[in-house]
Amino acid sequence: MTSPFQAMVSLGAWSEITINQSKDKAYLEKANLITFAPLPDREGLMASLVMQVILQILLLDEEIDHPSEIYQRLVEIRRHMDLALSNYLKFLIQYLDDQGLPIIVDYCVNCQNKLKIVGINPQLGGFICQSCLPKVSATLLSAESLKLMRSIRHKTYAEAISPSLTKMLIPLVHEHFNFHLDVHVEGFKTIEKIM
C-alpha cells in the first residue's frame, strides 16, 4: 500500500514522501524536496516552544486523571496561539492546581495574614505579607501583579494578559513548579531567554 502525503521535516523543508508497507513493516520508498518552509517569526517560534514545553510537562504524569480536560485546554491554547505566553502562564497555574500544589494567593504563606500582601516566595508556595518580608526572601509584586495572580484561574484562554506582567510572572511560576514538583523542565530556561 502506498500513501503520498506532505510532512514537515525538522530542517524546515516541505517534502513529499511515499511510504510503502509490506507484511511486516513500513518503509520509505520515495522522498522529494518540494520547497523550504519559511522560518517562523519570533511569535511563531515562541508559540511552538510553548506547545513543546506543555507537552513535556504532560509527559511528567504517568497517569493523567482527567485526560479530556487536559485535551480541551490544549485545544484552547492551540486555538489562541497569538496569546502564547498568556496561555502558557494560565496552563502552568492550572496544572499546579490540578497537582494539588497551587500558588497560595489568599494569604501570606508564612503567617497566614490576609492583609498587606506585597510579594511572592515560590519556594514557600505563595504570597508574602509586608511584616514577613524582612524574615523571608520574596520578590516584590506590583498591585496589578498581585491582582492578576488572584484572578488568572478564572480567565479564559481567549483573554490576553499584559505582556510585561506575563514576562515578570513566568519565571516565578517556573521556580514554584520546579521546586514543588521536584523536577527540572528543560524548556523553562529557553522560554525565559526568548521572552
Side-chain angles (χ1 to χ4, degrees), residues 46-47 49-81 83-114 117-129 132 136-142 144-195:
M46 181 58 76
L49 181 60
V50 161
M51 286 304 286
Q52 288 178 23
V53 171
I54 287 172
L55 292 173
Q56 185 182 8
I57 289 167
L58 292 176
L59 291 173
L60 292 174
D61 277 340
E62 289 181 18
E63 207 171 289
I64 297 175
D65 292 333
H66 307 286
S68 61
E69 287 178 25
I70 298 290
Y71 177 75
Q72 277 307 116
R73 285 184 202 161
L74 287 174
V75 168
E76 283 300 305
I77 290 167
R78 184 71 183 110
R79 187 175 295 144
H80 301 287
M81 283 315 287
L83 305 172
L85 284 177
S86 292
N87 288 336
Y88 174 67
L89 181 60
K90 290 174 212 170
F91 175 85
L92 289 176
I93 289 172
Q94 287 176 336
Y95 185 85
L96 287 165
D97 289 350
D98 292 347
Q99 298 302 308
L101 299 166
I103 297 172
I104 306 300
V105 297
D106 298 325
Y107 53 85
C108 174
V109 293
N110 197 50
C111 72
Q112 287 71 46
N113 183 6
K114 292 185 178 190
I117 300 295
V118 294
I120 188 169
N121 181 309
Q123 292 185 356
L124 291 178
F127 284 178
I128 299 295
C129 72
C132 289
V136 297
S137 65
T139 301
L140 291 175
L141 295 177
S142 67
E144 188 180 12
S145 298
L146 293 167
K147 182 179 174 184
L148 173 63
M149 286 297 293
R150 287 184 177 113
S151 68
I152 197 166
R153 290 170 176 84
H154 309 292
K155 292 187 177 291
T156 68
Y157 284 107
E159 293 177 74
I161 298 172
S162 157
S164 60
L165 288 178
T166 303
K167 289 176 183 178
M168 188 205 54
L169 293 174
I170 283 177
L172 297 170
V173 175
H174 283 167
E175 185 179 346
H176 180 97
F177 193 101
N178 281 334
F179 185 82
H180 293 281
L181 286 171
D182 194 25
V183 295
H184 176 73
V185 179
E186 201 61 40
F188 284 179
K189 291 294 179 199
T190 307
I191 286 177
E192 290 173 22
K193 286 179 186 175
I194 295 176
M195 288 192 306

Can you tell me how far apart [atom1] ([X]) and [atom2] ([Y]) are? Round to the nearest 0.5 Å.
| X | Y | atom1 | atom2 | answer |
| --- | --- | --- | --- | --- |
| Thr190 | Met46 | OG1 | CE | 9.5 Å |
| Ile104 | Ile128 | CD1 | CD1 | 11.0 Å |
| Asp97 | Ile103 | CG | CD1 | 8.0 Å |
| Ser164 | Leu169 | OG | CG | 9.0 Å |
| His154 | Ser151 | NE2 | OG | 7.5 Å |
| Leu172 | Asn121 | CG | CG | 9.5 Å |

Can you confirm whether [X] sits close enough to [Y] that some side-chain heavy atom of one is under 4.5 Å from a side-chain heavy atom of the other?
| X | Y | value |
| --- | --- | --- |
| Met149 | Phe127 | yes |
| Met168 | Leu141 | yes |
| Ile191 | Leu85 | yes |
| Val173 | Ile170 | no |

What are the two closest non-hydrogen atoms of [X] and [Y], and how far apart are they?
| X | Y | answer |
| --- | --- | --- |
| Ser145 | Leu165 | OG-CD2, 3.0 Å |
| Pro102 | Gly100 | CD-C, 3.2 Å |
| Tyr95 | Leu181 | CE2-CD1, 3.9 Å |
| Cys132 | Asn110 | SG-ND2, 3.3 Å |
| Leu83 | Ala160 | CD2-CB, 3.7 Å |
| Val53 | Gly187 | CG2-CA, 3.6 Å |

Is a side-chain donor or acceptor of [X] paired with a backbone partner of [Y] at a separation under 3.5 angstrom?
| X | Y | answer |
| --- | --- | --- |
| Lys155 | Ile161 | no |
| Gln94 | Phe91 | no |
| Thr166 | Ser86 | no |
| His176 | Leu101 | yes |
| Lys90 | Ile152 | no |
| Asn87 | His80 | yes |

Enclosure of Glu144 CD (heavy-atom neighbours >12, cutoff 6.0 Å)
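No, because the 6.0 Å sphere around CD of Glu144 holds 12 heavy atoms or fewer from other groups.
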| message | Counting neighbours of OH on Tyr157 that are heavy atoms of other residues, nucleotides or ligands and sit closer than 6.0 Å, is the number greater than 12? | response | yes
- Could you give me the CA-CA distance, side-chain angles and deciding distance for Leu96 and His180, then say whether side chain to side chain contact (heavy atoms under 4.5 Å, CB included) is met? CA-CA 9 Å; Leu96 287 165; His180 293 281; 5.6 Å; no
Parallel, tilted or perpendicular: rings of Phe188 and His174 (30°, 60°)
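Parallel.
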Exercise for the section: Would you mind checking if Glu76 and Arg73 are paired as a salt bridge, meaning a charged N to carboxylate O distance below 4.0 Å? Expected result: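 So Arg73 does not pair with Glu76 through a salt bridge.
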- Task: Could you go through the side chain to side chain contact (heavy atoms under 4.5 Å, CB included) check for Phe177 and Ile57 one step at a time?
- Result: CA-CA 10 Å; Phe177 193 101; Ile57 289 167; 3.6 Å; yes
Sequence-distant partners of [X], side chain to side chain contact (heavy atoms under 4.5 Å, CB included), two or more places apart:
| X | answer |
| --- | --- |
| Leu55 | Leu58, Leu74 |
| Glu186 | Gln56, His184 |
| Pro171 | Glu192, Met195 |

